[in-house]
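Encoded as structure tokens, the structure appears first; notes follow it.
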Amino acid sequence: DAKTTQPNSMESNEEEPVHLPCNHSTISGTDYIHWYRQLPSQGPEYVIHGLTSNVNNRMASLAIAEDRKSSTLILHRATLRDAAVYYCILRDAWGGSEKLVFGKGTKLTVNP
Amino acid sequence: DGGITQSPKYLFRKEGQNVTLSCEQNLNHDAMYWYRQDPGQGLRLIYYSQIVNDFQKGDIAEGYSVSREKKESFPLTVTSAQKNPTAFYLCASSMRTTGNNEQFFGPGTRLTVL
């Protein structure tokens, strides 16, 4: 199964941009890159996903490397409410939910 | 409002007892999932269902059972065969199981076995 590697923790200041990296060197051509985040004692929340091109939505941007072996989640202006654990996950385009793997993620701390 | 509900939020049981966790969704999603999360760890897939009356084992299905008699409901039973059942249990759903579909998560049930 294709796996992802993320830093254990990152720190940012409020209202500054945050770039959360994810390495997925064994990604297959049919894997989507998903990002979720989880606040303490809550269920994960979908953030964004993409296949090859960069993606933007109201929450964040996703920058995908040309070779697709890495990606970066960009929070343009961090707020205290963005403090969470961020998970980078690969999902096969053709299904097979047993392939979904949540690692330990990156714990983001936002300083006021 | 559409979403996923899990009940109860906190659950306490004595060792050796079976316990059933509820999960309901009104999003009209075909696929539903159960995950387990231990402190400081990521989520691990227990079972998933792509359609009514069908379900598949995930990575850690031993000691658990599920049913999918209705599209909107996917209850999880933690049996006495589960060696270490104390954990945070999360239910999720998605339109399909294919990779272009996001998953929506419930608020979770924290199970403590005494």
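Proteins get letters first, then strands, A, B, ... in listed order; numbering begins at 1 in each.
With B/Y89 as reference, B/Y64 is the one residue of B/Y64, B/Y35, B/W34 to meet the side-chain hydrogen bond (donor to acceptor under 3.5 Å, both in side chains) rule.
Of the atoms belonging to B/Q6, not a single heavy atom falls under 4.5 Å from chain A. With a 4.5 angstrom heavy-atom cutoff, B/R110 touches chain A only via side-chain atoms. Proximity to chain A is absent for every atom of B/Q56, based on heavy atoms less than 4.5 angstrom apart.
Side-chain contact check for B/C23 versus B/L76: every heavy-atom pair is 4.5 Å or farther apart.
Counting only distance, with no hydrogens or angles, the side chain of A/T4 and the backbone of A/C88 share a donor-acceptor pair below 3.5 Å. In terms of modelled atom types and a separation under 3.5 Å, the side chain of A/N57 and the main chain of A/V47 share a donor-acceptor contact.
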